[in-house]
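A short worksheet on the structure shown next.
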Amino acid sequence: MDGTEHGIGQPQMREELSPEQLLRVIFEYTAKIANERSVDRVLMLMADMGREMIAADRCTVWLVDRKRNELWTKVAHGVDELRIPLGSGLVGHAVATGEQIFIDDAYNNAEYEEALATGARLTDRMTGYRTKAIMVIPFRNNEGEITGCYQAINKMTPAGVFSAKDMEILTLAASYSGKSLESAMLTQEIEETQKEIIMTMGEIGEMRSKETGNHVKRVAEYSYLIARGYGMSEDEAELLKLASPMHDIGKVAIPDEVLNKPGKLTDEQYELMKSHTVIGYNLLNKSNRRILKAAAIVAHEHHEKWNGEGYPRGIRGEEIHIYGRITAIADVFDALGSDRVYKKAWELDRIINLFKEERGRHFDPRLVDVMIEVLPEMLKIRDKYADLA
Ligand code: C2E
Ligand code: SIN
Ligand code: SIN
Ligand code: SIN
Ligand code: FE
Ligand code: FE
């Protein structure tokens, strides 16, 4: 093998980890993995952990997708998932049979000749990489079903081949992976279901008030943009994006003749209308789920004003939760730009003027500044989720 021929840069020679270094790697990664709720990121952390533990050049964690009969993985820096048919290649074989595979030289191995010729060696021809040593270890979930495998390629120590000890170490990582991935997938599934329920709830609220379902989508996206522009973390901004569509859920309890009244509301009707904040809060605050807790705050506080003249409680300034202050801006921006039964949509200039006038009155002044900064992106969202006339 001539190192200069490698298409993907010079592979780094490494040393075998000492037991102490190995432990450190395990502690470091298991701590990260335990805190991670995204399956994609768990996959990548596990691959990195495996690669470091056994000084492999590459390590991939493949997962079985029974619905599509495929194996898939997420590669670092890669935008997309990688998918292969369930039966194909060495990884397919390992998953189908439950066998661990251990190859010293991919170009000189009779047992897996066909899988290598159509898998590793074919890929090498396309990428200029040279696969030598390969190890594949399937793993199982808590029910004992095979749910994926670890695949390690090329040992980067002078020995150049994987040892029995490497297999032992990767088997350990694999058994841990099977369990962590299962719980990450369950969490993700629960969160996906929650997201759907939440969007649907938000849309039900809007349907009653004859606003299109796109109102909640736009408010969600605007809230996210403002939250990020304000410096909120990706994780929390994402949470707000999921919660903000429910800001008006309490309107489900408002009678039609008030909710859809074409003209101006009487004082009494407006008082009734204001109760949608408390009604929404009471619907949502029963749950302990993170998203619903955030949604309860948003429902409760999206009509509070920075100067204390809002409702239902008349709280002011930073007494109003940041989620409420952000959604207030997103909601009014969208309400003003849309036709309602009681009013026509406003021109953008007029909307921006209102925000400048209400900066420090209705709205948190810092957040108005952020809104002006992210306005170009908000306008893209407005076009993307425009209401059909
Ligand atoms: P919405 O239509 O989603 O409006 C949300 C908020 O956007 C309003 O909260 C208000 O802050 C702002 N907004 C909307 N349209 C205008 C406008 O023409 N001028 C100004 N300056 N601000 C506007 P608000 O006022 O607390 O109202 C809460 C909800 O009560 C509204 O939600 C809507 O469902 C209802 N509502 C308010 N006024 C009327 C009305 O005159 N007639 C009817 N039928 N419903 C109304
Ligand atoms: C295969 O394993 O057969 C294809 C996937 C790859 O070579 O990376
Ligand atoms: C395989 O053929 O499944 C393993 C080697 C590779 O293609 O990366
Ligand atoms: C609420 O009172 O609206 C929820 C609690 C909070 O604001 O932190
Ligand atoms: Fe509202
Ligand atoms: Fe709204």
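Atoms within a ligand are numbered from 1 in the order they appear, just like the ligands themselves. Numbers here simply count residues along the sequence, with the first being 1.
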Salt bridge or not between [X] and [Y]? Use side-chain N to carboxylate O under 4.0 Å.
X	Y	result
Lys380	Glu377	no
Arg359	Asp369	yes
Lys32	Glu36	no
Lys132	Asp104	no

Under 4.0 Å, heavy atoms only, figure out whether ligand 1 is touched by the backbone of [X], its side chain, both or neither.
X	value
Lys251	side chain
Met273	side chain
Asp331	side chain

Going by heavy atoms, is Pro262 under 4.0 Å from ligand 1?
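No, that is not the case, since the closest heavy atom of the residue is not under 4.0 Å from the ligand.
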Parallel, tilted or perpendicular: which fits the ring planes of His302 and His247, with parallel below 30° and perpendicular above 60°?
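Perpendicular, since the angle between the ring planes exceeds 60°.
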Can Ile101 and Met135 be said to form a side chain to side chain contact (heavy atoms under 4.5 Å, CB included), step by step?
CA-CA 5 Å; Ile101 296 174; Met135 196 161 53; over 6 Å; no
If you measure from [atom] to every heavy atom of [options], which option wins on shortest distance?
atom	options	answer
atom 24 (P) of ligand 1	Tyr342, Phe333, Trp346, Tyr270	Tyr270
atom 44 (N) of ligand 1	Glu358, Arg340, Lys261	Lys261
atom 11 (O) of ligand 1	Ile254, Ile351, Val332, Leu259	Val332

For ligand 1, which atoms have a heavy atom of [X] less than 4.0 angstrom away?
X	value
Lys343	15 (N), 16 (C), 17 (C), 18 (O)
Ala335	4 (O), 5 (C), 7 (O), 14 (C)
Tyr311	24 (P), 26 (O), 27 (O), 28 (C)

Run the ring-centre check on Phe363 versus Phe355 and record whether the distance is less than 6.0 Å.
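Yes, ring centres under 6.0 Å apart.
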Show all protein N/O/S atoms under 2.8 Å from the Fe ion (ligand 5), or state that there are none.
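Listed by chain and number: Asp248 OD1, His276 NE2, His302 NE2, His303 NE2.
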Given Asp334, which partner from the list Arg340, Arg382, Arg218 fulfils the salt bridge (Lys or Arg N to Asp or Glu O under 4.0 Å) test?
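Single salt bridge (Lys or Arg N to Asp or Glu O under 4.0 Å) partner of Asp334 among Arg340, Arg382, Arg218: Arg218.
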Would you check if there is a donor-acceptor pair between the side chains of Glu168 and Thr171 at a distance under 3.5 Å?
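On atom types as modelled, these side chains do not qualify, holding no pair under 3.5 Å.
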Is it the case that Asp124 and Thr131 place a side-chain donor and acceptor less than 3.5 Å from each other?
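Indeed, the side chains of Asp124 and Thr131 share at least one donor-acceptor pair under 3.5 Å.
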Nearest-0.5 Å distance, CZ of residue Arg228 to NZ of residue Lys241
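Going from the CZ atom of Arg228 to the NZ atom of Lys241 covers 11.5 Å.
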